[in-house]
Amino acid sequence: MIVETEAYDALDPASHSFIGPTVRNAPMFGPVGGAYVYRIYGLHWCFNIVCDEQAPGSAVLIRAIEPVHGADVMMERRGTTRLQDLCAGPGRLCQALSITGALNAIPVTKAPFTLRLAQGVAVVSGPRIGIRRGLSTPWRFGLEGSRFLSRPMT
DNA sequence: GTATTGATCTTCT
DNA sequence: GAAGATCAATACA
């Protein structure tokens, strides 16, 4: 279950789409529902879902998930058995779910992806993580009280 | 517990 | 050539 996200759009200086379409960020300007997967710091992958038909260049970074199914497989991929360390962080969840650049630009509405809407969850917001001061908009969203966030929402 | 640093690739200057 | 939507190991308190 997705428990933490961050929002980016083309008007946001911290967004990859801010500079306009390039080879790397092309999926952000592609069809809504597409995956945007990019490498960061040379070794981790980050997974976004393209959104907002009315505003090209918009996407949501998935920052943390709560393991509900297949924790055993995730532990094997991540090399840890600590539940809180499995998927709490954009790079970690990609390793846990085996998301790589091979899935870049693929619609998340098709295999190997499956998305379902969560029911009755309370969402809170806060400043984004890892964005330089002044650019961190309050566009981070998390499940209230979740123990599986990459960082507390405060 | 917090702080620091290395890993190592892609993109843009 | 520098910086980055990060993580894990290490050093120290």
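Computation of the quantities below employed the complete heavy-atom set of this structure, encompassing side-chain atoms and omitting hydrogens, waters and symmetry-equivalent molecules. Residue numbers start from 1 in every chain, and the chains themselves are labelled A, B, ... in the order their sequence lines are given, proteins ahead of strands.
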>> Is it the case that the base of C:dA5 and the side chain of A:Y38 share a donor-acceptor contact (distance under 3.5 Å, atom types as modelled)?
In response: yes
> Tell me: CZ of A:F47 to C1' of C:dA5, nearest whole Å?
Replying inline: 14 Å
>> Mind checking if A:G91 touches a base, just sugar-phosphate, or nothing, with heavy atoms under 4.0 Å?
In response: sugar-phosphate
>> Can you see if the side chain of A:R132 gets near the phosphate of C:dG4 - specifically, an N or O under 4.0 Å from OP1 or OP2?
In response: no
> Can you tell me how far C1' of C:dT6 sits from CZ of A:R63, to the nearest Å?
Replying inline: 9 Å
>> Take a 6.0 Å sphere around CZ of A:R151 and say whether it holds more than 12 heavy atoms from other residues, nucleotides or ligands.
In response: no
> Do A:Y36 and A:I19 belong together in a cluster built from hydrophobic side chains that touch within less than 4.5 Å?
Replying inline: no
> If you look at every heavy atom in A:N48 and A:A59, which pair is closest and at what distance?
Replying inline: CB-CB, 4.1 Å
> Without hydrogens or angle criteria, can the side chains of A:Q95 and A:R78 be said to hold a donor-acceptor pair below 3.5 Å?
Replying inline: yes
>> Which nucleotide wins on minimum distance to the side chain of A:S15, given the candidates C:dG4, B:dT8, C:dA5?
In response: C:dA5
> Rounded to the Å, how far apart are A:N25 CG and B:dT11 C1'?
Replying inline: 10 Å
>> Expressed as a whole number of angstroms, how long is the span from A:F18:CZ to C:dA3:C1'?
In response: 17 Å
> Which nucleotide, C:dA5, C:dG4, B:dT11, lies nearest any side-chain atom of A:R24?
Replying inline: B:dT11
> DNA chain C: A:G130 or A:D85, which has the more 5' nearest nucleotide?
Replying inline: A:G130
>> Regarding A:R92, tell me which of base, sugar-phosphate or nothing describes its non-hydrogen contacts under 4.0 Å with the strands shown.
In response: sugar-phosphate
>> Expected output check: what is the dot-bracket annotation of DNA chain C, where ( ) and [ ] are pairs inside the strand (brackets for crossing ones), | is paired with another strand, and pairs are Watson-Crick or G-U under 3.5 Å?
In response: ||||.|||||||.
> Should we count CD of A:E76 as having more than 12 external heavy atoms under 6.0 Å?
Replying inline: no
>> If you assign A:G42 and A:L93 each to the DNA chain C nucleotide with the nearest heavy atom, which residue ends up on the more 5' nucleotide?
In response: A:G42
>> So A:T22, base contact, sugar-phosphate only, or nothing? Heavy-atom distance under 4.0 Å.
In response: sugar-phosphate
> Taking NE2 from A:H16 and P from C:dA5, how many angstroms apart are they, rounded to a whole number?
Replying inline: 5 Å
> Under 3.5 Å, is there a donor-acceptor pair between the A:T5 and A:R63 side chains?
Replying inline: no
> In whole Å, what is the span from the CZ atom of A:R151 to the P atom of C:dT6?
Replying inline: 9 Å
> Which one, B:dA7, C:dA5, C:dT6, comes nearest to the side chain of A:I131?
Replying inline: C:dA5
> Which part of the nucleic acid, if any, lies within contact of A:L61, taking any heavy atom under 4.0 Å across all strands shown: a base, the sugar-phosphate backbone alone, or nothing?
Replying inline: base
>> How many whole angstroms separate atom OH of A:Y8 from atom P of C:dG4?
In response: 13 Å
> If you check every side-chain atom of A:Y36, which of C:dA5, C:dT6, B:dC9 has the closest atom?
Replying inline: C:dA5
> Is a donor on one side and an acceptor on the other found under 3.5 Å between the side chain of A:E6 and the backbone of A:I129?
Replying inline: yes
> Would you say A:R140 reaches C:dA5's phosphate, i.e. side-chain N/O to OP1/OP2 under 4.0 Å?
Replying inline: no
> Which of parallel (below 30°), tilted (30 to 60°) and perpendicular (above 60°) describes A:H16 and A:Y38?
Replying inline: perpendicular
>> Can you identify which nucleotide, out of C:dA8, C:dA5, B:dC9, has its nearest atom closest to the A:R39 side chain?
In response: B:dC9
>> Distance check needed: C:dA3 P versus A:L43 CG, whole Å only.
In response: 18 Å
